[in-house]
Amino acid sequence: MANSESTSQRFYITTPIYYVNARPHLGHAYSTIVCDAIARRKRALGIDTWFLTGTDEHGEKIERSAKIAERTPHEFADAIAAEFRCLWDRLGLTCDDFIRTTEPRHVRGVQRLFATLRDKGYIYKGFYTGQYCVSDEAWVDVGPGAPCPDCGRITETVSEENYFFKLSAFERKLLEFYEANPGFMQPESTRREVLSFVRSGLKDLSISRTSFSWGIPVPGDEKHVVYVWLDALVNYISALGYGSDDPADQARFAKFWPADIHLIGKEISRFHCVYWPAFLMAAGLPVPRAVRANGWLLFDQGKMSKSRGNIVRAETVQEVLGADALRYFLLREIPFGQDGNFSFDALVQRYNGDLANGYGNLVSRVVNMVHKYFGGVVPEAGPETPTETSLREAATRTIAEFPPAFDDLNFSEALKSLWALVADTDGYLTANAPWKRHENRPESDHTALQARVLATAAEAIRVITALVYPILPDAAAKVWQQLGQGEIVEAAKHAFLANLAWGGLKAGTRLGEPAPLFPRTEKDAVTRMQNLEDENNRSAVDAASNPENALKAPVPTPAKAPAAAVAAPAPEPAVAPPVAVQAAAEPASAPASEVKEFPATPPAPAASSEEPAAPQEPQFITIDDFAKVDLRVAKILVAERVPKADKLLRLEVDLGYEKRQILAGIAQYYEPEKLIGRKIVIVANLAPRKMRGLESNGMLLAASLPPDGSPVLAGFLEDVPVGARLK
């Protein structure tokens, strides 16, 4: 099936639909802001554009997360989907539709596609036994008990009746499609990864589940629910009206499908570049024209995710610096398709350097001088001199160079070229100094210079503002009014970018009142943003620790809550306190004898003839500190020794909502086989660490017994359910 050519009269762009397992963060905002910028530019070119985003709300992980949060799955999804919609509105994003996979229109579309694939002979019933990663909602080709190759979490063995899609039948068709459409998937790293996956051989794909119920029922066999990735991918067509008998829905689907761009995160390339085209080919539907994968947004050099505890909310930046500052930073600082690091320091530097001291200062200088010297009316420029010619040619080059870079999603280079024009204009203004009158220059000549320079600089600002509008919509709207051009939104509706050229700002135009765009930020902006994030994290912990607040604020999945370790020295009591037991991280080359445990008791002080020091006051922690520690009841499913590590046991534990692997330095005190089935207490939100090539996700809680500090695992006399939280 060939990839048809795009028509210039319509454009359809989509974000990934975001999984409702936690509140939106800056990584979600990045993808959606990119799509918003593209959609704004397309509309301003006169192209009928449809911009879709939404939320993915089904699957086993959501069902488990809702149970932990003490909600129904629908309540859980409702709360977090509302957070996404609220954030997009707050950031001023112009999505045309917001699809939720729990909506009837989506359910109808999924069931229609499933029935079509079944009727065409591409679906059959079978029985599946294999490994499933609940975190990624993905089948993985690893052995029992092995970690997921993508996220590192322990997979679960699933044995159940399933429906299968004949993915193997599309191996050759997909490879032929990729060859015929080399621009289908980008960047090149994504293309190489997908080609390697398909060339290694495709197996038929399980596309239903029977071990849980939170999903869309398979039509005609309701004990099955549709596999969450088939369910989720259909959003791109169900939102347009696929599966509907309404003529208006059918017309919209016929108009906008296939999509021009699916913009996705690089970690879900396989689903969009392999499974989705195969489903569509099997159903006889056109394949999207392009899939573009953005890189990860890194914070503290790690992927931004709640499992790492390093997320940043877009609201934080919006509140302190404004949405435009965030948009500019993300598109200027991060080459699209590559991973990019985010920090508050870099954000403030870019804000002050490019926006406050650059574009904002330039606009302020020119508009204020036109008001001061010409009563707020654009003067007649008069004859052009070589300096005006140079600036006009620079602007004309930018008008020609900016669009192809932007349309190729090379936003960083497009903005770099545009800010070169900002610098050229600022340099032109400084070199001609219209505010400075030379003693030997007649008044009439000085006025003529002022008119020529300010009219030329104002026109350059008009060009800059038009081009930057999709990236800085709020600031551009203010500048457009200050230039006397009216509402930029109305200009966009009349395709003002389609015929952008030098000379649009006419003499006699009355400028609006000058107003600040990007006030240079205070020195404490970084601290303010960090404090807002700290406050948000405390609020999330409070909500998680109090079930009565569950419906007042979305609660992160406990297993994914920001990692925290709380320790405070205290006088040793008569009875040894509980201690968390986990082996310390070791260098890759460390011998087994060097694997260390956290000390259970401090070493005894050396004898001294000096008078003993007075005992120190205990260092207390607050209730907020304690609330950060997520203590959970877990059941040991697997216990085995780690080869060449005498002190380490590898445990697989059941938390009720997921299974975990934990490495513990208790092999000298417990026989592995006697631990199986035992209920223990673990610290569930400790940051993962690797030992002996294995990832440990949590700590056991134990008492430390004198004199040697041997551990005794904490337990219960009563029957306590797995997954219960200790408070």
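Hydrogens, waters and symmetry mates are skipped; everything else that's a heavy atom, side chains included, is used.
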Using a 3.5 Å distance criterion without hydrogens, assess whether the side chain of T101 forms a donor-acceptor pair with backbone atoms of E57.
yes
Side chains of L87 and Q318: does their closest heavy-atom pair fall under 4.5 Å?
no
Validation row, ring centre Y12 to ring centre Y236 under 6.0 Å:
no
Evaluate the side chain to side chain contact (heavy atoms under 4.5 Å, CB included) criterion for residues K125 and E161: first the C-alpha distance (whole Å), next the side-chain angles of each, then the deciding distance (0.1 Å), finally the verdict.
CA-CA 7 Å; K125 186 180 284 190; E161 182 184 76; 3.7 Å; yes
Starting at OG1 of T53, measure out to CG of N235 and round the result to the nearest 0.5 Å.
8.5 Å
Student check: side-chain heavy atoms of L331 and V34 closer than 4.5 Å
yes
F165 vs F279 aromatic rings, parallel, tilted or perpendicular, using cut-offs 30° and 60°?
perpendicular
Is a side-chain N or O of D324 found less than 3.5 angstrom from the main chain of A475, in a donor-acceptor match?
yes
For T15 and C35, the nearest pair of non-hydrogen atoms, with its separation, is CG2-SG, 3.6 Å
Please check: side-chain N/O of N181 versus main-chain N/O of F177, any donor-acceptor pairing under 3.5 Å?
yes
Can you list the steps and then say if T14 with I264 is a side chain to side chain contact (heavy atoms under 4.5 Å, CB included)?
CA-CA 8 Å; T14 70; I264 63 168; over 6 Å; no
Counting only N and O atoms by type, is there a donor-acceptor contact under 3.5 Å from the side chain of Y18 to the main-chain atoms of H28?
yes
Ignoring hydrogens and angles, tell me if any N or O in the side chain of S269 forms a donor-acceptor pair with the backbone of K266 under 3.5 Å.
yes
Name all pairs fulfilling the salt bridge (charged side-chain N to carboxylate O under 4.0 Å, His left out) condition that reach into residues 170-185, sequence neighbours left out, sorted by first residue then second.
none
Which atom pair, heavy atoms only, marks the closest approach of Q9 to I47?
C-CG2, 4.1 Å
Could you walk me through whether N410 and F336 satisfy the side chain to side chain contact (heavy atoms under 4.5 Å, CB included) test, starting with their C-alpha distance in whole Å, then the side-chain angles of each, then the deciding distance to 0.1 Å, before giving a yes or no?
CA-CA 6 Å; N410 196 349; F336 186 82; over 6 Å; no
Salt bridge or not between R10 and D48? Use side-chain N to carboxylate O under 4.0 Å.
no
Where the side chain of E487 meets the backbone of A477, is there a donor-acceptor pair that is under 3.5 Å apart?
no
Can you classify the ring geometry of W480 versus F496 as parallel (below 30°), tilted (30 to 60°) or perpendicular (above 60°)?
perpendicular
Do the rings of F271 and Y275 sit parallel, tilted or perpendicular, given the 30° and 60° boundaries?
perpendicular
Test ring pair (Phe, Tyr, Trp, His ring centres under 6.0 Å) applied to Y124 - qualifying residues, sequence neighbours left out
F164
When rounded to the nearest 0.5 angstrom, what is the spacing between CG in L174 and CG in L167?
7.0 Å
Is it the case that E156 and Q131 place a side-chain donor and acceptor less than 3.5 Å from each other?
no
For H224, enumerate each residue passing the ring pair (Phe, Tyr, Trp, His ring centres under 6.0 Å) test, keeping only those at least two apart in sequence or located in another chain.
Y163
Return the CD to CG distance between Q186 and L409, rounded to the nearest 0.5 Å.
9.5 Å
May I ask you to decide whether D245 forms a salt bridge with R108, counting only side-chain N to carboxylate O separations under 4.0 Å?
no
Whether R252 and D96 form a salt bridge (side-chain N of Lys/Arg under 4.0 Å from carboxylate O of Asp/Glu) is what I want to check.
no
Nearest heavy-atom contact between D56 and V228 is OD1-CG2, 3.8 Å
Whether R105 side chain and S238 backbone form a donor-acceptor pair below 3.5 Å
no
So, for I471 and Y328, which heavy atoms are closest and what is the spacing to 0.1 Å?
CG2-CA, 4.0 Å
Which heavy atom of L113 sits nearest a heavy atom of A283, and at what distance?
CD1-CB, 3.6 Å
Side-chain donor-acceptor pair under 3.5 Å between N294 and S31, yes or no?
yes
Measure the CZ-CZ distance between R40 and F51 for me, rounded to the nearest 0.5 Å.
9.0 Å
Criterion side chain to side chain contact (heavy atoms under 4.5 Å, CB included) on R23 and R313, from CA distance to verdict
CA-CA 9 Å; R23 296 174 175 179; R313 299 176 308 144; 5.6 Å; no
R327/D474 ion pair, N-O < 4.0 Å
no
Atom OG1 in T32, atom CG in L263: separation rounded to 0.5 Å?
9.0 Å
Could you tell me whether the side chain of N21 and the main chain of I62 form a donor-acceptor pair under 3.5 Å?
no
Hey, is E160 close enough to K223 for a salt bridge, meaning N to O under 4.0 Å?
no
Take F98 and F84, measure what ring pair (Phe, Tyr, Trp, His ring centres under 6.0 Å) needs, and give me the verdict at the end.
CA-CA 10 Å; F98 187 104; F84 277 95; 7.5 Å; no
Please find the pair of heavy atoms, one from A293 and one from G265, that lie closest to each other, and give the distance.
CB-C, 4.5 Å
Roughly how far apart are I207 CD1 and F114 CZ, rounded to 0.5 Å?
4.5 Å
Report the relative orientation of the aromatic rings in W214 and H58; use parallel for angles under 30°, tilted for 30 to 60°, perpendicular for over 60°.
perpendicular
Of the options F329, Y30, W296, which is the one that meets F342 in a ring-ring contact (aromatic ring centres under 6.0 Å, His included)?
F329
Is it the case that R41 places NZ or CZ above or below the six-membered ring of F406, under 6.0 angstrom from the centre and within 45 degrees of the axis?
yes
